[in-house]
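What follows is a single structure, written as structure tokens, with notes after it.
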Number of protein chains: 2
Amino acid sequence: MAQQTAHASVDARERVLSAAAELFAERGYHGTSVRDIAAACGLKPSSLYSHVPDKSTLLADLVMRYLGALEAALEASSADPGGGPSANRVEEMVRASVGVALRYPREFLCLSNSWTYIRRTPSLATLVARRDAVRAVWQRALREAAADGSLRADVDPESMLRVVFAATHGVVDRRYDEIAGPADEGDPAGVLAALLLDGFRPRGRAVSATVRAGTADAGAVRPGLAE
Amino acid sequence: MAQQTAHASVDARERVLSAAAELFAERGYHGTSVRDIAAACGLKPSSLYSHVPDKSTLLADLVMRYLGALEAALEASSADPGGGPSANRVEEMVRASVGVALRYPREFLCLSNSWTYIRRTPSLATLVARRDAVRAVWQRALREAAADGSLRADVDPESMLRVVFAATHGVVDRRYDEIAGPADEGDPAGVLAALLLDGFRPRGRAVSATVRAGTADAGAVRPGLAE
DNA sequence: GTCTATAATAGGATAGAC
DNA sequence: GTCTATCCTATTATAGAC
């Protein structure tokens, strides 16, 4: 009985977290009231405080879930590859990051869309520190790939990281669903990794608007997407 | 005298809009109070209402600026190119879109970061309609490029559009400045266009982690970035 | 744990003097 | 046009009964 009570309690807390995740992701932290969250899980606002100390801790708990999963996934994919080009590691990291973001889409958006609030709120400094650690892993991988020539040398790694972060957001954010449909069908992580690493153009085409289109190799099979 | 009064009035309204743009872009619409905006331009909250009817109209006016400029820029760059591959038009559109977003960064972020509020607010339906028109121009260009083979055929145009929109956001959003530094140095529009169209890898490299790296053409000169 | 009731504050907007 | 004063609502959070 005591166990069942405890179990029910965990479920209730989980429902609160889930409702908050949904609303924070959709309307943002400031666009969501405690009343909204309570209503979404069939409780009165005051009852929420039996499960969560306050609104900002609710946000922190959600973001921590995502960051924990991301750290674990990056630890695996950023491990030194067996001698191949570092760009392959970058590709694995893109897949891993997008995979985690798709498994925790609401939590990812909580972090991403409420970032300035998180950054400005001293009690959420832990989140900032952990995100910084993730960023450092990325920077190291991109710089190494730039150094060994497996990423193009004419664009700085920081610009690439900017694109990686933003594009990951783009895969997850439902705001873009009306453009592209739900992203979690097919293999969005693989699609994004292929687009970012190899670009929109078929291989063998001209590399800029100022150059005539080439003809060789256009439409070649792309094993990276077929796997 | 009457003219000077009118002129001062325009300036005051402009200061209000500018302060609001700054705060909406940084903290979001719901994260910014009318009091915040008033304080930022040295006014009392009630004085704002001499310049703007209400808070949501303030948002609408800002977003309209951006959308107007974007429509003009896309109209030019999406015009039919002279027989070259349609991907070149796409590249021009990326440059144009990023260029406008960099000229109106705060207004762009007002639209992007407050999108769900805009979408949910009936009085802002005009903004939604105009953004839809922009989206339609993009879809047409991407589909045409996919059809004539100048964009890779194994990724649907909608996924590419998703990446374009998200990456554009990434260039503008100051949130990423701590990763990559300010984006408005150098030629961010050209850099993004090159990254998206041609990818992170040097041309001639392997196209996926599952394939051994090639050796031909690595490090070739890229006129698209040197221009 | 959930409720009702209630603080205590923050927010959007208006009235009317100057 | 800007101000002070004010209204009304929404919001976060707590107190205490059940």
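All values below were derived from every heavy atom in this structure, side-chain atoms included, with hydrogens, water molecules and symmetry-related copies excluded.
When the side-chain nitrogen and oxygen atoms of A/H51 are compared with OP1 and OP2 of C/dT2, one or more of them lie within a distance under 4.0 Å. Close to C/dC3, at under 4.0 Å from its OP1 or OP2, lies no side-chain N or O of A/K44. Distances shown here put a side-chain N or O of B/S47 below 4.0 Å from the OP1 or OP2 atom of D/dC3.
For the side-chain hydrogen bond (donor to acceptor under 3.5 Å, both in side chains) condition, the pairs that include at least one residue of residues 34-45 of chain B, sequence neighbours left out, are B/S33-B/D36.
Computed from coordinates, the A/Y49 OH to C/dT4 P distance equals 16 Å when rounded to whole Å. For the pair B/I37 CD1 and C/dA13 P, the computed distance is 10 Å after rounding to whole Å. In this entry the distance linking CG of A/L23 with P of D/dT12 reads 12 Å, nearest Å. To the nearest angstrom, P of C/dA13 lies 14 Å from CG of B/D36. With rounding to whole Å, A/K55 atom NZ is found 12 Å from C/dA10 atom C1'. With rounding to whole Å, B/L48 atom CG is found 17 Å from C/dA15 atom C1'. For the pair A/R35 CZ and C/dT9 C1', the computed distance is 13 Å after rounding to whole Å. Across the protein-nucleic acid pair, B/D11 atom CG and D/dT2 atom C1' stand 16 Å apart, rounded to whole Å.
Counting any heavy atom pair closer than 4.0 Å across all strands shown, B/S33 reaches sugar-phosphate atoms only and no base atom. Among the atoms of the strands shown, none is found under 4.0 Å from any heavy atom of B/S56.
Side-chain atoms of B/S18 and B/R106 form a donor-acceptor pair, as typed in the model, at a separation below 3.5 Å.
Taking the six-membered ring where the residue is Trp, A/H169 and A/F108 present perpendicular rings, their angle passing 60° and hence far from 30°. Between B/Y176 and A/F165, the two ring planes are perpendicular [angle over 60°; tilted spans 30° to 60°].
Checked by distance alone, B/S46 brings a side-chain donor or acceptor within 3.5 Å of a matching partner on the base of D/dT4.
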**Request:** Mind running salt bridge (Lys or Arg N to Asp or Glu O under 4.0 Å) on B/R174 and B/D177 for me, showing each step along the way?
**Result:** CA-CA 5 Å; B/R174 296 201 192 112; B/D177 283 358; 5.2 Å; no
